[in-house]
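Working notes, structure below.
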Amino acid sequence: MYEYDDIDQTLVDERVAQFRDQVARRLSGEISEDEFKPLRLQNGLYLQLHAYMLRIAIPYGTLSSRQLRGLAQIGCTYDRGWGHFTTRQNLQYNWIKLEETADALADLAKIQMHAIQTSGNCIRNTTTDQFAGAAHDEIEDPRVWCEIIRQWSTFHPEFSFLPRKFKIAVTGSPNDRAAVRVHDIGLRMHKNAAGEIGFEVIVGGGLGRTPFIGKTIRDFLPKQDLLSYLEAILRVYNQFGRRDNLYKARIKILVHEIGIEAMREKVEAEFAASKDGALKLPQDAIDQIAAQFAPPAFEKLSGISAEYANAFRTDFEFGLWARRNTFKHKQPGYSIVTISLKKEGAPPGDASAEQMNAVADIADRYSFGEIRVTHEQNLVLAHVKQSDLPAVFKALKAYDLATPNVGLASDIIACPGLDYCALANARSIPIAQQIALRFKNWERAHDIGELKIKISGCINACGHHHVGHIGILGVDKAGEEFYQITLGGAADEQAAIGDLIGPALNTRDAVDAIDTLVETYLRLRNSSDERFLDTYRRVGLAPFKEAVYAVA
Amino acid sequence: MAKAPKLNSQPQVVTANHLLSGDVVYLTKAASWSRRIADAAVVANVEAGAALLAEAETQAKKNIVIAPYLIPVDASVTPPKPIQYREVLRAEGPSTEKARPAA
């Protein structure tokens, strides 16, 4: 894992001191709320419905056990003993006091963490594949490149006041688990014809009010040119991106308005002028950072472990969990474990301090002390020996962390919604809870198979509803919560924006509609291997729409 | 965010967030702030609402609260109940927290 050097630590410590001073000046009246607001936002502090909310950056979703314990402690000291993992691989505390925020940030700095780049019109915390450095299908560990992007982008003076926020995601695998096609810039690592590894650069993707799938601006970018090319894109965006209309200020609108060819022309011209300049990455600098992401000391194992095989055969619950919540590791004898934070009926993505501490302990014992956060609001133990899986399952189960539902209908993404968020129009969490409870029966849930339901409480789409196999968007209709349903969205390498099924439904009808959609799928699917999304792509919207709205 | 309805001559109270804690607060008859909507000063016409808001804005300038605004309430019940669901949630807390054991 990456460890701070003196520069990183000084930067974060100084930032805490600056913020402490800014709060003091706000409280003394020296600066007004209007002057203070951008300053607090630049430190991740939002004012939500009931309290301040502090959003902590978890760079590329990687945490050490020490950091996770620190987050648990901060949750106890400054919040109500909880943390909420978000679709940006970050963590939010929902009950923060302004007067204690600088102390919370100081505690974070002690564990090499901060809230920088979690708000404001800057380059936000870079996200990636939660299985980075572990997945069997990976070409290269994308976190090396995320860290390089972090070092380049943090407090970048030219890009601290962009037209709007800017999100970059990186995948090192052809199977995209980082939703790179719906980010401002998506980077997909792949090999060219000569066998060299580089990046496909995708630009102008995004969700929100106007969703777009990103377009490829460059098929292959050599690694050493990464920062020069990113800087060229940012520079073009900074110059031509709209500042006259908040809703048209993201790079996706620029790309849409001028077209990808014109965008490419401008970016390539900028890149040509600067590509061999100061940002060209020297190999030794890359190697230095890559060394910090070196694989842990794996044991040399072969074959299937007897403990694992035995537990799989004899312990039904374990088998169910292992089938859904583990993923193939590149190292023989190891597995990747996804810890579901989606116990049916619980708020998606929430973890208590006790659970965070338990995960930290389990990670220390079984997974080299490392934890990942997924954009689907779960946690991951990236390197677990298969022979340890039964013990890990047992340990997780003791803390309600072994729900065997990863990728299933109850593994729902949901934004905080109107229960917490000042921007929301409708609640997200309660409808997620109600839907998840409908799929609590394991037999039915496993028979349905992969089904990604994503819920947002407003058009800003923090819950990624546009790219849900089933997407749900909360709207306000004359003071009542209604929900629009979309079908056929996807966030992976075949990214797609979902199609609106029809008029919005009230809460009860929306929950019933999800059941109806699933029953319709079960009736229409060719076989149990055909996923909901596959069936939808084969048969289209009509039979689903008919089923939902036919009931008089 | 749902649009705030235009207020006519109907029961209304002033709400804001407390600067230090971020807590939801309501302006009381004594021109102080309370976390309980039960303590809120309820007025029933446009002019009185404007006067109440003016008082609140003075206090915002003194760095006690942030961004005060008027909300319509149903004053026939005790405590007064906000008309908009968003304000009900602000008054009562998140609907999800009720089901959650205190840590």
Side-chain angles (χ1 to χ4, degrees), chain A residues 23 26-34 36-37 45-53 72 75-76 79-82 94-101 345-347 350 352-355 416-430 432-433 458 460 475-481, chain B residues 1-8 10-12 15-26 33-37 53 56-69 71-74 81-103:
Chain A
V23 172
R26 171 71 186 102
L27 298 182
S28 75
E30 194 185 323
I31 51 176
S32 68
E33 184 61 23
D34 286 347
F36 180 64
K37 188 176 169 186
L45 190 67
Y46 291 70
L47 181 62
Q48 293 288 34
L49 276 195
H50 312 282
Y52 291 97
M53 178 273 280
C76 287
D79 196 274
R80 297 182 174 178
W82 292 82
N94 283 321
W95 301 97
I96 295 293
K97 293 180 166 44
L98 176 61
E99 53 195 325
E100 295 178 352
T101 306
D350 272 18
S352 69
E354 190 191 20
Q355 287 176 321
L418 189 57
D419 278 303
Y420 297 93
C421 178
L423 299 174
N425 289 320
R427 288 175 298 163
S428 305
I429 295 169
Q433 291 169 312
C458 80
N460 292 310
V475 295
D476 175 287
K477 266 194 179 180
E480 197 186 340
E481 293 168 300
Chain B
M1 194 172 102
K3 271 189 198 141
K6 194 171 157 44
L7 293 184
N8 302 311
Q10 65 192 104
Q12 49 202 280
T15 182
N17 286 84
H18 190 245
L19 172 64
L20 272 176
S21 64
D23 288 347
V24 174
V25 287
Y26 300 90
W33 295 91
S34 169
R35 286 174 176 77
R36 292 158 20 103
I37 196 168
L53 187 59
E57 278 165 354
T58 305
Q59 300 211 14
K61 286 199 183 83
K62 290 184 199 155
N63 307 311
I64 297 164
V65 296
I66 310 169
Y69 57 99
I71 57 163
V73 292
D74 175 1
K81 189 173 170 142
I83 304 296
Q84 298 158 276
Y85 189 63
R86 176 180 195 271
E87 292 301 332
V88 172
L89 284 172
R90 285 183 79 249
E92 297 177 2
S95 61
T96 55
E97 294 271 326
K98 288 166 198 158
R100 174 139 82 191

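In what follows, every chain begins at residue 1, and chains take the letters A, B, ... in the order their sequences are listed.
Contacts between A/E99 and chain B at a heavy-atom distance below 4.5 Å involve backbone atoms as well as side-chain atoms. For A/L49, the parts lying near chain B are the backbone and the side chain together; criterion is any non-hydrogen pair under 4.5 Å. At a 4.5 Å heavy-atom cutoff, the contact between B/L19 and chain A is made by backbone and side-chain atoms alike. When heavy atoms are compared at a cutoff of 4.5 Å, A/E481 approaches chain B solely by way of its side chain, counted from C-beta outward. When heavy atoms are compared at a cutoff of 4.5 Å, A/R427 approaches chain B solely by way of its side chain, counted from C-beta outward. Residue A/S28 touches chain B through its backbone alone, counting heavy-atom pairs closer than 4.5 Å. At a 4.5 Å heavy-atom cutoff, the contact between B/D23 and chain A is made by backbone and side-chain atoms alike.
A search for side-chain contact (heavy atoms from CB on, under 4.5 Å) contacts involving A/K477 returns A/F482, A/A504, not counting sequence neighbours.
Between B/I37 and B/P82 the shortest side-chain heavy-atom distance falls below 4.5 Å. For the pair A/I429 and A/Y420, the minimum side-chain heavy-atom distance is below 4.5 Å.
Using a distance-only test at 3.5 Å, with no hydrogens or angles considered, no donor-acceptor pair links the side chain of A/E33 to the main chain of B/A67. In this structure a side-chain-to-backbone donor-acceptor pair under 3.5 Å is missing from A/E100 to A/K97.
Interface summary for chain B: among A/V23, A/D419, A/L418, A/T101, the most heavy-atom pairs under 4.5 angstrom belong to A/D419.
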Check the pair B/K81 / B/E87 against salt bridge (charged side-chain N to carboxylate O under 4.0 Å, His left out), numbers first and verdict last.
CA-CA 9 Å; B/K81 189 173 170 142; B/E87 292 301 332; over 6 Å; no
